[in-house]
Amino acid sequence: MSKSQSANGVRGELAGKAAIVTGSTSGIGLGIARALASAGVNVVLNGFGDAAGIARIRRDLEQSFGISTIYSAADMSMPADIEGMAEAARQTFGKVDILINNAGIQHVEAVETFPPAKWDAIIAINLSAAFHAIRAVAPEMKARKWGRIINIASAHALVASPFKSAYVAAKHGVAGLTKSVALEMAEHGVTVNAICPGYVLTPLVQKQIPETAKARGLTEEQVVRDVLLHAQPTRQFVTTEQIGALTLFLCTAAGASITGAALPIDGGWTAQ
Ligand code: NAD
């Protein structure tokens with residue numbers, strides 16, 4: 001099968017489905033929104049950003065791929081906002097077929113000085129938000145006997161690094177949530193998986209370079225070479241396009257038997 005036939009096949013298969021992608025105004029979430037849109041999926045965009053930038057993203061996806069988008073300003077630390085986002089998706093698209101729990105934040109600091117408010121925010125946005133979004137869409141996915149829930153976890157769902165206590169705890173929690181809900185959904189045509197990326201050069205990682213330099217007493221150049229890329233045997237950052245492509249595969253029929261998995265896409269990091 002040629003490349004274009006295979007892309008058309010995915011488009012035919014998923015065209016007209018509706019997805020929520022949390023945290024899709026930037027980085028990995030935006031890459032995933034783009035991959036889904038390229039397959040004809042209508043997308044609920046979410047995340048922070050200025051109105052003009054968000055309007056530009058919506059226009060780009062709609063004009064490039066002939067799909068529809070809406071934007072939800074839901075704050076992922078607020079359960080009521082998450083329920084409202086799912087309701088807005090149903091009002092516009094009639095359903096939610098695909099849920100991508102991607103929004104996340106990071107803070108790098110030694111545990112003894114780690115601000116409790118940062119701990120609470122990381123657990124709320126990186127872990128509890130996924131629970132609230134899943135419970136908001138699970139009934140309709142079960143009723144239609146089709147659904148895809150993909151949680152963007154991290155290599156830090158599988159292994160730890162120092163100075164990231166809240167993030168590592170939240171991401172390990174996401175891996176556990178994924179397994180439990182996958183078992184509940186297994187007979188209902190709904191797959192639930194975690195994607196576990198290594199380092200991707202997004203604003204989230206750019207921000208932690210100076211924080212890590214401070215926590216470890218290194219220069220920023222040393223952090224990139226000796227900490228970030230040192231973790232990945234390929235010595236390459238993972239790209240948002242690669243994560244978008246893996247997400248898309250999990251949404252197809254070919255991905256239907258993959259459920260409850262924590263899939264590394266980390267340049268060999270967690271093979272060590
Ligand atoms: P990013 O900072 O580029 O994007 C984060 C997105 O989440 C943005 O759209 C932001 O507006 C949104 N967001 C943050 N707080 C929010 C809130 N309270 N409510 C709604 N939206 C909110 O980061 P990224 O690197 O693209 O990270 C996306 C996900 O991927 C995160 O869960 C992160 O933990 C995970 N991840 C990132 C890497 C990496 O190296 N960048 C590696 C592994 C996992």
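Ligands are counted one by one from 1 in listed order, and the atoms in each one are counted from 1 as well.
Residue-to-ligand polar distances place F48 within reach of ligand 1: an N/O pair is separated by less than 3.5 Å. At least one N/O-N/O distance between M76 and ligand 1 falls below 3.5 Å.
Close approach of ligand 1 to Y199 is summarised as follows: ligand atoms under 4.0 Å from at least one heavy atom of the residue are 40 (O). Numbered from 1 in the order shown, with element, the atoms of ligand 1 that lie under 4.0 Å from a heavy atom of I105 read 14 (C), 15 (N). The N46 neighbourhood of ligand 1 comprises atoms 20 (C), 21 (N), with distances under 4.0 Å to a heavy atom of that residue. Contact atoms of ligand 1 toward V205: 39 (C), 40 (O), 41 (N) (distance under 4.0 Å to a heavy atom of the residue). Ligand-side atoms of ligand 1 in range of G47: 11 (O), 21 (N), range being under 4.0 angstrom from any heavy atom. Here is the list of ligand 1 atoms found below 4.0 Å of a heavy atom in D75: 17 (C), 18 (N), 19 (N).
In I125, the part holding a heavy atom less than 4.0 Å from any atom of ligand 1 is the side chain. When non-hydrogen atoms are compared, ligand 1 lies under 4.0 Å from neither the backbone nor the side chain of T240. At a 4.0 Å heavy-atom cut-off, ligand 1 does not touch H156 at all. Contact annotation: for A153 versus ligand 1, heavy atoms closer than 4.0 Å belong to the backbone alone.
Residues E83 and R135 are paired through a salt bridge, judged by an N-O separation under 4.0 Å between the basic side chain and the carboxylate. Checked for salt-bridge contact, R59 and E62 miss the test: no charged N lies under 4.0 Å from a carboxylate O. A salt bridge between E221 and R225 is absent, with no side-chain N of the basic residue lying under 4.0 Å from a carboxylate O of the acidic one.
Here the two rings, on H107 and Y167, have centers that are 6.0 Å apart or farther.
In terms of protein heavy atoms, atom 43 (C) of ligand 1 is closest to P197 O, 3.3 Å. Counting protein heavy atoms only, atom 6 (C) of ligand 1 is closest to G23 O, 3.5 Å. Nearest protein heavy-atom neighbour of atom 9 (O) of ligand 1: T25 OG1, 2.7 Å. Ranking protein heavy atoms by distance to atom 27 (O) of ligand 1, first place goes to L204 CD1, 3.9 Å. In terms of protein heavy-atom proximity, atom 25 (O) of ligand 1 is closest to T202 OG1, 2.4 Å. Counting protein heavy atoms only, atom 34 (O) of ligand 1 is closest to Y167 OH, 2.6 Å. The protein non-hydrogen atom at the shortest distance from atom 40 (O) of ligand 1 is V200 N, 2.7 Å.
Relative ring orientation between W269 and Y199 is described as parallel, the plane-to-plane angle staying below 30° on a 0-90° scale split at 30° and 60°.
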### Derivation and outcome, side chain to side chain donor-acceptor pair (under 3.5 Å), residues T178 and N151
CA-CA 7 Å; T178 300; N151 300 318; 2.9 Å; yes
### Query
Do R216 and V227 pass the side chain to side chain contact (heavy atoms under 4.5 Å, CB included) test, and can you show the C-alpha distance, the side-chain angles, and the key distance before you say yes or no?
CA-CA 10 Å; R216 293 185 183 234; V227 179; 4.0 Å; yes
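Scanning S26, A74, G27 for the heavy atom closest to atom 1 (P) of ligand 1 points to S26. For atom 30 (O) of ligand 1, the nearest non-hydrogen atom from the set I243, D81, I28, D266 comes from I28. Considering each of L201, V174, N102, the one bringing a non-hydrogen atom nearest atom 32 (O) of ligand 1 is N102. Looking at G104, S154, P203, A103 and measuring to atom 5 (C) of ligand 1, the nearest heavy atom belongs to G104.
When all heavy atoms of G29 and V21 are compared, the closest pair comes out as O-CG1, 3.6 Å. Heavy-atom minimum distance, L36 versus I100: CD1-CG1, 4.1 Å. Scanning both residues, G49 and I54, for their nearest heavy atoms gives O-CD1, 3.5 Å. Scanning all heavy atoms of the two residues, the minimum distance from H156 to K171 falls at O-CB, 3.6 Å.
For K95 and W146, the positive end is not near the middle of the six-membered ring at less than 6.0 Å and at most 45° from its axis. Taking the ring axis of F93 as reference, the NZ or CZ atom of R90 does not stay both within 45° of it and closer than 6.0 Å to the ring centre.
The environment of NZ in K214 is sparse: at most 12 heavy-atom neighbours from other residues, nucleotides or ligands sit within 6.0 Å.
The shortest distance between side-chain heavy atoms of I195 and I265 falls below 4.5 Å.
For the ligand labelled ligand 1, residue Q106 lies outside the 4.0 Å heavy-atom shell. Residue-ligand proximity: G198 is placed with a non-hydrogen atom under 4.0 Å from ligand 1. Assignment of F237 to the shell around ligand 1 is not supported, since no heavy atom sits closer than 4.0 Å.
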